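To keep things clear, I will list the structure first and then write my remarks on it.
Here is the naming used below: chain letters follow the sequence lines, and residue numbers restart at 1 for every chain. The shown structure was predicted, so the numbers you read here are calculated from the model rather than taken from an experiment.
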Amino acid sequence: MNIIRKPQGTLDILPEDSIKRIFIEDEVRRIFSNYNYKEIRTPTFEKTELFKRGIGEETDIVSKEMYSFHNDEFTLKPEMTAPVIRAYIENSLYNTSGIQKLFYISNMYRHERPQAGRYREFSQFGAEAIGSSDFYIDAEMISLGINILNNFGLTNLKIKINTIGNLDERKLYLEELKKYLSKHLNNLSETSKKRLDINPLRILDTKDKKEIEILDDSPILYDYLSDETKNHFQNVCKTLEKININFEVDFRLVRGFDYYTSTTFEIISDDLGSQNAVFGGGRYDRLVEQLGGKQTPAIGFACGIERLMIILAKRNYDYPKQYGVDICFVSLGNEARDFSFKAVDVLRKSDIICETDYLNRSIKAQMKEANKLNSKYVIIIGESELSSGKCTIKRMSDGEEKEIPLETIYKINKSNLHSIV
RNA sequence: GCGGGUAUAGCUCAGUUGGCAGAGCGUCAGAUUGUGGCUCUGAAUGUCGCGGGUUCGAGCCCCGUUACUCGCCCCA
């Protein structure tokens, strides 16, 4: 019979990787809480309408990459900003404080062709600060992301920032951009030609060399922005400088979602190949009202965990080792096995990590197993031990052994473990 | 949506001109009747992805197909 395989683009996270992810998640939670961000969890699926309205119908994600079901009524979440904002509005979080600083660690789903660092089920952590248009919060958001990455030893990162203004400010620019690009129509790619009508701003994001050359002489969005937007951006830049964050301004940095306004940013690592963005975000001052809330400024970022793990792997990041076992019980004979099982049951309640034999194997095989499990101690129980009331405890690091009364076993706990032998 | 690569033991992979299905690692057992690591010895594990074709004979050649994978597009 054929075996059933996991769906394409998904991962089985086996214990070896699981412990790495738990470590990353723990570190991320710790740093988020230093910045006083609170964790939010939302449903795995949402009404499809939320993403159509939030991300934009013309984006690639919404137009062709969503996992929708039940007559398209519901969709597995492809990103977290729209769900977080939905929850913010639905639960009236604006009534509990002027600013909400939220973070998440969650799985997302996009129906794309998988490749290195891109999966159909993937995980991200990210943050959203809702309620403030202050430039300090923009700088905090970027600083927060950088600090998380620095925490994992990643320091040679390229940080790009830009401002893309709001819809009204972009209107005139987009007309000029269209005019300019229309003159170079023959040299544009098919996708760019399509975008010229649908979403001309995205053309700025092209990787096509010919198009980049054309864009070098194109009108620049920044020149069309209001003084207010420009001032905000300059303040963000100045603030980043004050806290010693190196960045580069990239006027061509635009992002894939329609909801972004004003500040946008991205962190790029050369370790990633074509999927080089590990971290990205921006301000989305209109999203809350687009989703039915009151006009509320907000900003957020997201970081791909699989991509982060690829970078860490390439840099031979030293994850903490898996916890070893404290005590392995090696037992021979039915009565001894019975005794050992009762003993581990007691010790586990005293936070001693212990194991016993489940395969009724030879003493030698049990010793090998204990060694493989990296057990600190082994306690050997057989018929003679049961009748004499004493057993052997062996320290595996140096082979030192000691005889102890059986009842001593029950007194072992975390603090006296290492003074027994 | 487009293009490339790969598919042989649990894992990593050899397999020559078409001629007995292999290695290393891992697993299990023994050397040591109740003591791990090191060493030695042995054992088990195969639909050679699947289907067809050529051939006396196919893991190898041809055609098809599926899966995986990498890249493009796009995205975190």
Run Ser33(A) and Phe103(A) through side-chain contact (heavy atoms from CB on, under 4.5 Å) and show every step you take. CA-CA 9 Å; Ser33(A) 69; Phe103(A) 81 90; 5.8 Å; no
Pick the nucleotide of RNA chain B nearest each of Lys6(A) and Ser397(A); which residue has the one closer to the 5' end?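 It is Ser397(A), whose closest nucleotide lies nearer the 5' terminus.
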Return whichever of Arg395(A) or Pro114(A) has its heavy-atom-nearest nucleotide of RNA chain B closer to the 5' end.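 Checking each residue's closest nucleotide, the 5'-ward one belongs to Arg395(A).
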Taking only the [atom1] atom of each, what is the distance from [N] to [M] in whole angstrom?
N: C61(B); M: G19(B); atom1: C1'; value: 15 Å
N: A21(B); M: C63(B); atom1: P; value: 26 Å
N: C2(B); M: U65(B); atom1: P; value: 14 Å
N: U12(B); M: U17(B); atom1: P; value: 26 Å
N: U41(B); M: G46(B); atom1: C1'; value: 24 Å
N: G4(B); M: G10(B); atom1: P; value: 32 Å
N: C68(B); M: A29(B); atom1: P; value: 36 Å
N: G30(B); M: G15(B); atom1: C1'; value: 32 Å

Base of [N] paired with side chain of [X] (donor-acceptor, under 3.5 Å):
X: Glu401(A); N: U35(B); answer: yes
X: Lys372(A); N: G36(B); answer: no
X: Asn371(A); N: G37(B); answer: no
X: Ser384(A); N: G34(B); answer: yes
X: Lys364(A); N: U35(B); answer: no
X: Arg113(A); N: C74(B); answer: no
X: Arg110(A); N: A76(B); answer: yes
X: Glu112(A); N: G1(B); answer: no

Return one dot-bracket line describing RNA chain B 5' to 3' (Watson-Crick or G-U wobble pairs, both distances under 3.5 Å; ( ) same strand, [ ] crossing, | another strand, . none). (((((((..((((.....[..)))).(((((.......))))).....(((((..]....))))))))))))....
Whole-Å distance separating the [atom1] atom of [X] from the [atom2] atom of [N]:
X: Ile393(A); N: G36(B); atom1: CD1; atom2: P; result: 17 Å
X: Ile267(A); N: A76(B); atom1: CD1; atom2: C1'; result: 12 Å
X: Phe265(A); N: A76(B); atom1: CZ; atom2: C1'; result: 12 Å
X: Ile146(A); N: A76(B); atom1: CD1; atom2: P; result: 17 Å
X: Ile310(A); N: U69(B); atom1: CD1; atom2: C1'; result: 13 Å

Less than 4.0 Å between a side-chain N and a carboxylate O, is that true for Lys376(A) and Asp326(A)?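 A salt bridge links Asp326(A) with Lys376(A).
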Taking Thr48(A) for the side chain and Asp72(A) for the main chain, is one N or O donor matched with an acceptor at less than 3.5 Å?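 Confirmed, Thr48(A) side chain pairs with Asp72(A) backbone.
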Between Ser340(A) and Ala336(A), is there a donor-acceptor pair closer than 3.5 Å when you use the side chain of the first and the backbone of the second?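 Between the backbone of Ala336(A) and the side chain of Ser340(A) there is a qualifying donor-acceptor contact (under 3.5 Å).
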With heavy atoms under 4.0 Å as the rule, sort [X] into base, sugar-phosphate or nothing.
X: Thr81(A); answer: nothing
X: Gly399(A); answer: base
X: Lys368(A); answer: sugar-phosphate
X: Phe301(A); answer: nothing

From Lys77(A), Glu79(A), Arg41(A), residue fulfilling side-chain hydrogen bond (donor to acceptor under 3.5 Å, both in side chains) relative to Ser106(A):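 Testing Ser106(A) for a side-chain hydrogen bond (donor to acceptor under 3.5 Å, both in side chains) against Lys77(A), Glu79(A), Arg41(A) leaves exactly one candidate, Lys77(A).
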Around atom CZ of Phe23(A), are there more than 12 heavy atoms from other residues, nucleotides or ligands closer than 6.0 Å?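 Yes, because the 6.0 Å sphere around CZ of Phe23(A) holds more than 12 heavy atoms from other groups.
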Taking atom CG of Asn34(A) as the centre, report whether more than 12 heavy atoms of other residues, nucleotides or ligands fall under 6.0 Å from it.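 Buried by this count: over 12 neighbours within 6.0 Å.
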Rounded to the nearest 0.5 Å, how far apart are OG of Ser132(A) and CG of Asp138(A)?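 Rounded to the nearest 0.5 Å, the OG-CG separation comes out at 8.0 Å.
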Just checking Phe69(A) against Tyr67(A), ring centres under 6.0 Å apart?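 Phe69(A) vs Tyr67(A): aromatic centres not under 6.0 Å.
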Where the side chain of [X] is defined as all heavy atoms beyond and including C-beta, which of [options] is the nearest nucleotide?
X: Lys394(A); options: G34(B), G36(B), A76(B); result: G36(B)
X: Arg307(A); options: C74(B), G30(B), A76(B); result: A76(B)
X: Ile363(A); options: G30(B), C73(B), U35(B); result: U35(B)

Aromatic stack Phe279(A)/A76(B): centroid gap under 5.5 Å, interplanar angle under 30°: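 So Phe279(A) does not count as stacking on the base.
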